[in-house]
Protein chains: 2
Amino acid sequence: MTAQDAAPLPPAYGALEALFTRLNALDNALGILHWDQETTMPEGATDGRAGALAGLEVLRHELLCDPATADHLAAADAEAAALTPWQQANLKEMHRLHAHAAAVPADLVGRAAHAQTVTEVAWRAARRDNDFAGLLPRLTEVFEIAAETARIKGEALGLAPYDAWLDTFEAGLASADIDPVFDALAAFLPDFTQAVVAAQAAETPPLRPEGPFPIDRQRALGQACMTAAGFDFTRGRLDVSTHPFCGGADDDVRITTRYDEADFTSALMGVLHETGHALYEQGRPRDWQTQPVGASRGMAVHESQSLILEMQACRSPEFLTFASGEMRRSFAAATDTTTAAWTPDNLHRLYTRVAPGLIRVDADEVTYPAHIILRYRLERALLAGDLKMADLPGAWTDGMRELLGVVPPDDTTGCLQDIHWPGGAWGYFPTYTLGAMIAAQLFAAATAAEPDIRPGLARGDFTPLVDWLRRRVHGRGCLLSWRDLLVEATGRPLDPAVFMAHLRTRYLERSD
Amino acid sequence: MTAQDAAPLPPAYGALEALFTRLNALDNALGILHWDQETTMPEGATDGRAGALAGLEVLRHELLCDPATADHLAAADAEAAALTPWQQANLKEMHRLHAHAAAVPADLVGRAAHAQTVTEVAWRAARRDNDFAGLLPRLTEVFEIAAETARIKGEALGLAPYDAWLDTFEAGLASADIDPVFDALAAFLPDFTQAVVAAQAAETPPLRPEGPFPIDRQRALGQACMTAAGFDFTRGRLDVSTHPFCGGADDDVRITTRYDEADFTSALMGVLHETGHALYEQGRPRDWQTQPVGASRGMAVHESQSLILEMQACRSPEFLTFASGEMRRSFAAATDTTTAAWTPDNLHRLYTRVAPGLIRVDADEVTYPAHIILRYRLERALLAGDLKMADLPGAWTDGMRELLGVVPPDDTTGCLQDIHWPGGAWGYFPTYTLGAMIAAQLFAAATAAEPDIRPGLARGDFTPLVDWLRRRVHGRGCLLSWRDLLVEATGRPLDPAVFMAHLRTRYLERSD
């Protein structure tokens, strides 16, 4: 049963499908405009683009919150018995999206979109110039709009303000889900990290391939790995931006990376990460592409798909066997790097090296959660009023010292490093570490169910893995909640023990 | 007096300004999405993009045609005495845009946008494969939607259907304007062309610089000429597309070209042409940027700005003196071209060479109008029902033989060469030759008024010319009709004799 072939649709539900098809057209337009802003737009267009994005967001909001929508939703509930399970799930998602939108007045939506666009651009300059003070007024404005939104939504949805932020990014996710698993991680990681660092100090230090690595070859290697992983270039692109992301539109999934001639790893691993996001988007149920139930689940599940590729699959000894040959072919002629640097074993030691550092996006798999726990604590404190925005740099430094034992020398490598807060994505960070845990749990279940997944990776054949993900995750859209999706795919709810077991196996036993 | 500082605006007029600011945001979004489609979008995104564009067009249409708009327009007329001249002109443009939009039902707008997007993409393949038959069903659909639109608009606006098409592209333009000037040209050109071809056969044949001309140097030369002409790269870009165009958004004016390593002239002259369009867009009155009166006048005036740059200024002996040095610096080291090929005199003979040919965009200044007269006749015949779409290739061949004395060997170089009809731009072609005549008239007036314009071009300094255009054309927005703009700037209405005098001076007297 598809969105198209159900004939005839119950009238109220049918009107809602038509509405959401229109909203989908706006979302696709917004997706391309955001991509363009990050990759292509000239600097002088900032204000005009902010106006265009805000204009579209307000239109989207007005369409969704038109009084007729609430009437249709109520009437469609009465039609539910005539709906298929996918249609019922679609209706449920429609309710959720409407409730989120209707809670927030249109002028606040427009102010948010405008402030975010302007602040994102200002953030780029502030990060470059280490100028937190210069960004402070705009960052404060973006935060206050987000806080007001959290309070308004929380009241309307019966959620605490912070949970209203979380619910925006992953339906049903609450701090009650996060606190126990973050507590478990916070208890586990410090000793574990020390043990890993000590063990690695006793290993042969990995050789680091030495560049320069020409950018055109880095791009070709990234594209080759994307193709191997199943990325469809007739329905997507690879481009360059300051902050890598996966965006675009239906059938037009665009990922970005940034290249460094001295180090190809950062771009390559970034490409593999974004490819995981992109495979999710390209694998969504095509028959439901314009409808809410055809969307990807929230950002925690989304992050699990990027990390199952980057961390679970592509840092495995099997994949690095394949990658070793690809890297040598790409770069051996252009560099003086010795053959020993390109062995799978060396690459595995290199790509599983653990060292506490300043930059979240450069962090290894073991220390990454500490960066997230810091941001989670800070944004909760800001929202609760326990921390003033002007005091963020100091609180950041204190948190880094406590959680990671390192101190940033400036705000560029401190609280200005991420685009999320300037861009308005408050309450987003926890999804990264939840995603890492979900990825570990899915990969354990997948490799247990499909014995050819690991041998496939060694051949550069991702089909066994991706087929499993298509069936269990990508093709499910929003049919299930994130909890039910995980239970259906792995047989149990989120369990941080699986992630910890993965870390132990890889970093202490050295057998993954 | 600006759109912002008038305090307070009369209420109905104020509501209209707010509405058109919202529409402007949609237009900016559409502009970037169209640019992306031509330059960047992956093939598989065609349907999704068509849906997004159609969705935005329908939204735009619904906003403009909301019943409140008609009420506001009527009420604003009663406020006219309190409005400034710019506000009054703005209100007049609002009426015009509303009348055009309100005449056409929303579903027809959506069908048109969707069919045009899909047909444009199909046209690319059909042109490549010389497959008119394959394109015929889609081309027919696009035409029939356009014809239906012409009839509906014509009835609502009291215009003949073809004039309804024309009015879409240049307010107030009618076939009654076109017929006498096209008749004058059709009477003048055949003998004149023969005389020029004969005279040029007796000249020293120009030397053609021989490539390859590396694309990065071609791009750099184009950018250097754009900068010399006053293009602002902080508010615009130069990119690549199959069919060059000027598009984008406010403060984000994007032109495209296509490069051929064997011939840099086509890209360079194309860049100068599109730069003329871009200077118009970048020079519009900033205080009125979001409002109809701040838009560029119609496409005939727009084309005059591209041709005043490409044809009037940049094929002049003065500019070619400057360009000679730039070209030599760009390419001399990379090619075997002899020094003699780079002299201003040789370049002038090369860039004013006349030869009847198959391809409109490659046509010289003298034979170009014949291409337009053919298309004008064909689209009038199609709309009148005197020509069936299936018979277009034959009618095209007959017309080429009659008007230009050449016959295309296939449809790729015949009726499939242009994007306009597949893209839905029926009634657009006449604006090219009207633009050429307006350009000649404006350039004659400008050089008479500003004696430093020609010496400036020889130094690569476009400031005297562009300053005159800013005052007389760009900065006027839609304050005046195209007729009044021309009379104000040149002292008289459109006079084909000025264009013919320019052709005589340049091509027979060889003194321009």
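Throughout, protein chains are lettered first and strands after them, A, B, ... in sequence-line order, and every chain is numbered starting at 1.
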message = Can you tell me which portion of A/Leu59 sits under 4.5 Å from chain B's heavy atoms? Options are side chain, backbone, both or neither.
response = both

message = Rounded to the nearest 0.5 Å, what separates atom CG in B/Asp36 from atom CG in A/Asp36?
response = 7.0 Å

query = For B/Leu30, is it the side chain, the backbone, both, or neither that has a heavy atom closer than 4.5 Å to a heavy atom of chain A?
reply = neither

query = Which heavy-atom pair separates B/Pro42 from A/Asp252 by the least distance, and what is that distance?
reply = CD-OD1, 2.9 Å

request  = Name the member of A/Asp250, A/Leu56, A/Leu23 that forms the most heavy-atom pairs with chain B at distances under 4.5 Å.
outcome  = A/Leu56

request  = With sequence neighbours excluded, give me every salt bridge (charged side-chain N to carboxylate O under 4.0 Å, His left out) pair touching residues 223-236 of chain B.
outcome  = B/Asp232-B/Arg235, B/Arg235-B/Asp251

request  = Just give me the residue among B/Gly248, B/Ala249, B/Ala52 that pairs up with chain A most often, heavy atom to heavy atom, under 4.5 Å.
outcome  = B/Ala52

query = Is it the backbone or the side chain of B/Thr40 that comes under 4.5 Å from a heavy atom of chain A, or both, or neither?
reply = both

request  = Compare every heavy atom of B/Gly51 with every heavy atom of A/Ala25, then report the nearest pair and how far apart it is.
outcome  = CB-O, 3.7 Å

message = Using a 6.0 Å cut-off, check whether atom CD of B/Glu261 has over 12 heavy atoms from anything other than its own residue.
response = yes

note = Contacts satisfying side chain to side chain donor-acceptor pair (under 3.5 Å) that involve residues 118-128 of chain A (not counting sequence neighbours) are A/Glu38-A/Arg124

remark   = Bottom line for A/Glu62: the part with an atom under 4.5 Å from chain B's heavy atoms is side chain

note = Greatest number of non-hydrogen atom pairs under 4.5 angstrom with chain B, of A/Ala29, A/Gly48, A/Ala54, A/Gly55, falls to A/Ala29

ask   = Of the listed residues (A/Arg49, A/Gln289, A/Met41), which shares the most heavy-atom pairs with chain B below a 4.5 Å separation?
value = A/Arg49

message = Counting heavy-atom pairs closer than 4.5 Å to chain B, which one of A/Asp47, A/Leu26, A/Asn28, A/Val253 comes out on top?
response = A/Leu26

